Number of protein chains: 2
Amino acid sequence: MTAAANQSGRRPTTSRRLERAGIRDVAAAAGVSITTVSDALNGKGRLPDETRSRVREVAERLGYRPSAAARTLRTGRSGLIGLTVTTYGEEPFTFTEFAYFAEMARAATSAALGRGYALVVLPASSRHDVWSNVALDGTVVIDPADQDPLVSELYRSGVPVVSDGKPGNCPVTAWVDNDHEAAVLNILEHLSEAGARRIGLLTGTSTDTYTRLSTDAYLGWCDRVGQEPVYEAYPAHDPAAGAVAADRLLARPDRPDAVYGLFDPNGTDLLAAARRYGLRVPEELLLVCCSESDVYAGTEPPITTLSLKPRRIGTTVVNLLIDAIEGVDSGTGVDIARLFPPRYRTAGTGPPPGTLMPTELIVRASSQRRSPRTTVSPPRPPGEV
Amino acid sequence: MTAAANQSGRRPTTSRRLERAGIRDVAAAAGVSITTVSDALNGKGRLPDETRSRVREVAERLGYRPSAAARTLRTGRSGLIGLTVTTYGEEPFTFTEFAYFAEMARAATSAALGRGYALVVLPASSRHDVWSNVALDGTVVIDPADQDPLVSELYRSGVPVVSDGKPGNCPVTAWVDNDHEAAVLNILEHLSEAGARRIGLLTGTSTDTYTRLSTDAYLGWCDRVGQEPVYEAYPAHDPAAGAVAADRLLARPDRPDAVYGLFDPNGTDLLAAARRYGLRVPEELLLVCCSESDVYAGTEPPITTLSLKPRRIGTTVVNLLIDAIEGVDSGTGVDIARLFPPRYRTAGTGPPPGTLMPTELIVRASSQRRSPRTTVSPPRPPGEV
DNA sequence: AAGTCATGGAGAAACGTATCTTCAGCCCCG
DNA sequence: CGGGGCTGAAGATACGTTTCTCCATGACTT
């Protein structure tokens with residue numbers, strides 16, 4: 001047997017099963033080398049158009065599909081991005097539990113696909129073997145916990161990590177977050193202008209960035225304006241607890257005359273609680289909640305909501321991540337900074353570059369005592385994008 | 001340079017960059033061969049426990065993570081399952097648009113993870129290169145279109161395909177679906193018993209299995225009981241169109257006295273339309289809609305809903321798929337049938353094995369004229385699982 | 001005492017691609 | 001007329017595993 005025969009034929013000793021055509025088969029059928037096939041199909045190398053198209057035609061005829069595994073092994077790129085969702089409680093996924101996550105994930109998937117990447121859904125808490133069983137080019141982390149060991153290890157092993165939500169204490173390549181502080185202050189100001197004297201907060205007990213920043217902003221504001229904080233916290237993943245907390249908040253002796261609820265179902269719960277206590281909205285109680293759902297446009301009365309613009313966040317996160325994947329010399333992992341505009345550059349081992357995005361307050365009848373017309377107020381002065 | 005040196009050291013000529021430890025590094029550090037390392041870590045081969053634990057310890061110390069790409073290339077298994085979602089209209093994903101999809105996807109992800117697989121979200125309509133860029137062990141297809149070219153090619157190339165929704169005309173390994181016909185007939189019967197004389201249907205214009213089967217069941221029932229069909233169809237992906245269609249249905253001269261809406265938001269839309277026309281529910285109009293949302297427990301009045309039990313479907317689909325992946329001798333692809341109970345076996349090239357799962361009708365005030373208590377009626381006689 | 005067998009482990013061949021290097025031919029120019 | 005650069009393409013290697021085959025060693029049987 002000659003070397004040439006061994007090169008063109010495959011596995012001379014084994015009985016040949018029905019298999020998918022490989023690059024060698026295409027090369028043999030087209031009468032060229034596998035190098036030429038690879039170059040022709042990938043648009044590389046120096047080949048005349050004639051050869052290129054002929055090879056492509058042969059490949060098409062044979063139904064050739066390159067092996068993703070082999071390509072990944074060779075190039076070190078899998079085209080796969082992890083989408084990590086934090087898990088509350090027993091349920092493996094809050095993913096799609098709140099409309100925010102669902103929308104964000106959808107936008108992220110779409111954006112990734114548009115750039116040739118696919119998303120793999122992985123829980124942050126799963127065992128190591130699941131994570132190491134899939135070759136990831138990078139990972140999106142939604143709301144990373146402080147000191148998340150998984151994120152740390154990923155980052156250390158050179159996998160770019162971009163988080164939705166400013167990371168507490170774990171190193172990430174970059175992060176994107178809503179400007180929660182500005183959003184809360186904007187809402188408090190909005191309620192004050194509508195006549196609120198004592199603004200209450202319905203918040204969560206978990207330590208994620210969103211809850212923490214929002215609550216801190218509220219407490220800071222209270223401190224500044226001299227209002228005693230009036231708030232109830234409950235485990236956000238438990239819908240029943242939310243209704244109870246809403247009830248508790250309105251049952252307090254120092255009952256607030258305006259409430260902002262941090263989580264999606266709070267609007268409904270607060271409305272129901274107000275009804276139980278005979279409080280008219282917005283006359284006796286001003287209401288705002290954070291939600292992506294448009295059911296609040298149809299409630300009685302319609303409720304003012306804060307939208308975190310999850311689509312925009314998801315798209316931004318993915319694009320940032322893919323920029324890092326494609327721009328960085330994988331191996332060193334240090335010159336990521338040059339991907340970002342100068343204003344983000346931080347010297348040495350400073351904090352990772354982050355982007356704050358504005359939120360949108362959709363003002364409806366529940367937070368206005370004068371004109372119940374539905375309007376949209378931009379949270380930022382125009383001119384800024 | 002000896003062969004041994006070449007074996008233990010790596011790439012003697014290239015300058016060594018900072019890289020992740022490979023299996024060779026572990027072997028060298030532990031003073032054994034790479035075979036032994038592989039066997040020790042994978043629980044294979046014949047090794048004394050002492051060696052096994054020592055190797056494991058060394059691997060741990062070096063932070064060794066096996067390369068998923070290399071493993072996939074070698075074993076032919078990636079541990080990745082595609083989750084295909086059909087796309088309506090311009091938006092790339094209805095995924096998470098309806099609660100059904102969201103819940104189903106969540107359950108599927110969870111079930112897959114529980115068996116060591118991860119899910120990759122892929123749109124059915126995306127370009128070929130995205131699909132062939134990821135090595136899939138199998139695919140879940142949600143509501144496959146008739147003659148879906150992608151499904152056909154996947155199946156032909158030996159990738160197991162399990163669909164949620166009985167496939168129209170494309171070959172799949174197996175499928176799972178709700179018993180839509182039984183569900184619709186059950187609802188119609190339920191409405192009749194509640195006193196309905198003319199039952200209307202709010203349905204969709206698309207040709208997916210769900211819409212088709214449900215509509216056909218309705219039309220067949222009308223034909224059998226001698227009622228003139230009263231229905232409106234609209235593009236299900238357009239929420240605004242749903243409200244219009246609901247309005248149209250109640251504005252007809254032959255206005256129905258009971259309506260079943262096939263899609264999630266129909267309940268709200270129909271309720272709003274009824275209110276506009278001054279129709280009291282359930283006194284003058286009986287209402288049922290298909291939805292996974294529990295908001296219908298809180299509407300005024302609460303609306304009877306049909307649940308398609310998406311969790312159960314998602315779990316079943318994934319388990320069926322993984323059974324096929326792990327049970328079949330990849331290469332032949334013919335003896336899949338033995339995975340299923342005998343009753344599913346079909347001779348030769350007959351239809352693929354399928355499973356019909358019962359739905360659940362959650363009866364609330366909107367479909368009862370007598371006792372407005374909330375009860376749950378099983379759609380199947382007890383004893384069947 | 002010579003086979004036989006179980007034990008523990010090493011060698012080497014794939015898996016299918018991308019890419020680095022090499023090489024033959026050819027044209028052009030001094 | 002000889003060498004340098006350009007074109008088109010082939011060879012060979014490496015990516016990091018898994019796994020098939022095989023060998024050495026000692027214990028045990030007959």
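Chain letters run A, B, ... following the sequence lines, proteins first and then strands; every chain starts at 1. The basis for the numbers below is simple: all heavy atoms, side chains too, and nothing from hydrogens, waters or symmetry mates. This is a predicted model, so every value here is computed, not measured.
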Is there a side-chain polar atom (N or O) of Thr72(A) under 4.0 Å from OP1 or OP2 of dC15(D)?
no
What's the verdict on side-chain contact (heavy atoms from CB on, under 4.5 Å) for Leu122(A) and Trp131(A), showing C-alpha distance, side-chain angles and the deciding distance?
CA-CA 8 Å; Leu122(A) 291 169; Trp131(A) 273 90; 3.7 Å; yes
Nearest whole angstrom, please: distance from the C1' of dT17(D) to the CZ of Arg65(B).
16 Å
Any carboxylate oxygen within less than 4.0 angstrom of a Lys/Arg side-chain nitrogen, looking at Arg61(B) and Glu57(B)?
no
Length of the line joining Arg24(B):CZ and dA12(C):C1', which is rounded to integer Å
13 Å
Can you check whether Ile81(B)'s main-chain N or O pairs, donor with acceptor, with Asp137(B)'s side chain at less than 3.5 Å?
no
How close or far is atom C1' of dC15(D) from atom CZ of Arg77(A), stated in whole angstroms?
15 Å
Please answer whether the main-chain N or O of Ala40(B) pairs with a side-chain N or O of Arg56(B) as donor and acceptor at a distance below 3.5 Å.
yes
Round to a whole Å and report the spacing from CG of Leu73(A) to P of dA14(D).
13 Å
Tell me, for nucleotides 18-24 of chain D in 5' to 3' order, what letter each nucleotide earns: B for a base near a protein heavy atom under 4.0 Å, S for only sugar-phosphate near one, - for neither?
BBB----
Five pairs per end, C1' atoms only: what is the angle between the end axes of the helix from dA1(C)-dT30(D) to dG30(C)-dC1(D), to 10 degrees?
60°
Ser38(A)-Thr35(A) side chain donor-acceptor pair, cut-off 3.5 Å:
no
Between Ser33(A) and dA10(D), does any side-chain N or O lie under 4.0 Å from OP1 or OP2?
yes
What pairs with Asn133(A) under side-chain contact (heavy atoms from CB on, under 4.5 Å), at least two apart in sequence or on another chain?
Arg71(B)
May I ask you to test the Val151(B)-Thr139(B) pair for a side-chain heavy-atom distance under 4.5 Å?
no
Between CG of Leu41(B) and P of dG16(D) the distance, given in whole Å, is 16 Å
Are any side-chain N or O atoms of Arg52(A) and backbone N or O atoms of Asp39(A), one a donor and one an acceptor, separated by less than 3.5 Å?
yes
